[in-house]
Amino acid sequence: MMKIEKMRKITGRAVMAAVLAVVLCLQPCMSVAAGYFITDPATMLTRYVEDDGTFGEFQWVQIPSGYMNQGRWVYIGPQGYIITEDCAVPGPVIDMGNGVFAVDQRVRSATGAEGQQPLFSVQSAQRDLQYAGTRQMLDAIALYPDASTGSAELDALLDQIFAQIITPDMDTHDKLKACYDYLMTTFFDPRYEEGAVSYENVPGMDIFSTNFDAAALFFSGSGVCDNFAAAFAVMSWKIGVPMYIAGGYTSRSGGGYTPHAWCQLDGADGTVYIFDPHIDYLLALRSGKTSSYARFGAPSSKVAGKYTDVTMIFDKVK
């Protein structure tokens, strides 16, 4: 069985969502593979060959039976090279320039049910917590609250948490802040703090993986950046905010970059806002404080250089 090799890890030179306003969709020409895959001996990278012997280009191809990851999709770029990770479903392909491509797997553009009427934030005259304009941006978002995560256990726990931290007079900004505070003060990363960890109560769920990653944090009491980001996204969806998760790299305090996951939100004007509860949890831990808001609603321009090589954005629902 031939392994599907990856041409490269999908990378972007900046936060991916920052370029979504100028997305170049190499629009999905999609097919089940009628050709075949070969490994280029010169590069040891996988290429797609059409039945007529030419290299297929600029199309999504579903991996056929007999290959690793059969049934998933890969995007074929210039000269027949696979230029994506294998994906569950095809999506817009973004030409980042300089031969770098990225895949936007975001299907979820808004939360809530089909046909659901939007809610709007309680208006507030309070000042911004950290970054000017963040509160106004959040208060202007049409809200489509998610009624369920797909798990009765997780829904019940979220209802219990929200009853403790959310009040009707809060605007969207303060609701998100309450969720942010709850994550920073309730959970821990076992790589940086000691504490009791038990996965016995984490429900077995056949649900969207982000909800599962969130449940792992909520029910075990601990997690890593993926869990913190997932938990904040799920809480945001319950409020009705179309938060999504980005995966890439973030800067290290000692220099260099490390793999990371965080949340993002697209403003109406195209500005990308960063929400990173795990980084703020670590900043608070290191400073001896209970909370930090350095990455709460930070416009991407304010954290330039802090995030790079976004490989995917995740908030896909079934």
Side-chain angles (χ1 to χ4, degrees), residues 1-109 208-210 226 244-250 257-261 264 266 272 307-318:
M1 183 181 297
M2 185 180 76
K3 179 181 179 181
I4 296 294
E5 301 289 342
K6 298 179 176 65
M7 177 180 177
R8 71 170 83 201
K9 197 167 189 177
I10 310 166
T11 57
R13 288 169 295 138
V15 175
M16 180 189 303
V19 302
L20 290 181
V22 290
V23 163
L24 171 62
C25 289
L26 305 176
Q27 241 348 324
C29 178
M30 295 178 286
S31 64
V32 176
Y36 55 94
F37 296 99
I38 64 170
T39 299
D40 186 338
T43 62
M44 297 307 293
L45 300 173
T46 299
R47 304 175 82 176
Y48 177 64
V49 184
E50 301 279 13
D51 280 344
D52 63 5
T54 61
F55 291 114
E57 294 185 322
F58 303 113
Q59 60 181 304
W60 281 100
V61 171
Q62 190 174 31
I63 302 171
S65 299
Y67 291 89
M68 179 176 288
N69 299 330
Q70 65 185 38
R72 293 177 68 84
W73 295 80
V74 290
Y75 191 78
I76 310 301
Q79 301 176 33
Y81 285 105
I82 293 177
I83 59 172
T84 67
E85 303 276 0
D86 56 85
C87 300
V89 294
V93 177
I94 305 166
D95 185 347
M96 306 290 288
N98 295 330
V100 178
F101 294 81
V103 178
D104 177 7
Q105 288 212 97
R106 186 173 36 159
V107 175
R108 187 185 195 122
S109 60
F208 172 43
S209 61
T210 295
D226 305 71
Y244 59 94
I245 297 172
Y249 292 80
T250 191
Y257 288 85
T258 187
H260 190 55
Q264 295 185 170
D266 296 339
V272 178
Y307 299 90
T308 188
D309 290 344
V310 176
T311 57
M312 287 283 182
I313 50 181
F314 305 93
D315 57 355
K316 180 166 62 69
V317 293
K318 295 179 181 179

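The side-chain heavy atoms of Phe37 and Val74, taken from C-beta on, include a pair separated by under 4.5 Å. Taking 4.5 Å as the limit, some side-chain heavy atom of Asp266 sits within range of a side-chain heavy atom of Val272. Counting only heavy atoms from C-beta outward, the side chains of Ile76 and Ile82 approach each other to under 4.5 Å.
Here the straight-line distance linking atom CZ of Phe55 with atom CD1 of Ile38 works out to 4.5 Å at 0.5 Å rounding.
Taking the six-membered ring for Trp and thresholds of 30 and 60 degrees, Phe58 and Tyr75 have ring planes inclined between 30 and 60 degrees apart.
Contact record, Trp73 with Gln62: CE3-N, 3.4 Å, taken as the closest heavy-atom pair. Closest non-hydrogen pair, Pro64 versus Gln70, comes out as O-CB, 3.3 Å.
Here the side chain of Tyr48 pairs a donor or acceptor atom with the backbone of Gly35 at under 3.5 angstrom.
Applying the side chain to side chain contact (heavy atoms under 4.5 Å, CB included) criterion to Gln79, with sequence neighbours excluded, gives Arg47, Glu57, Tyr81. Taking Thr258 as the reference, nothing meets the side-chain hydrogen bond (donor to acceptor under 3.5 Å, both in side chains) condition, with sequence neighbours excluded.
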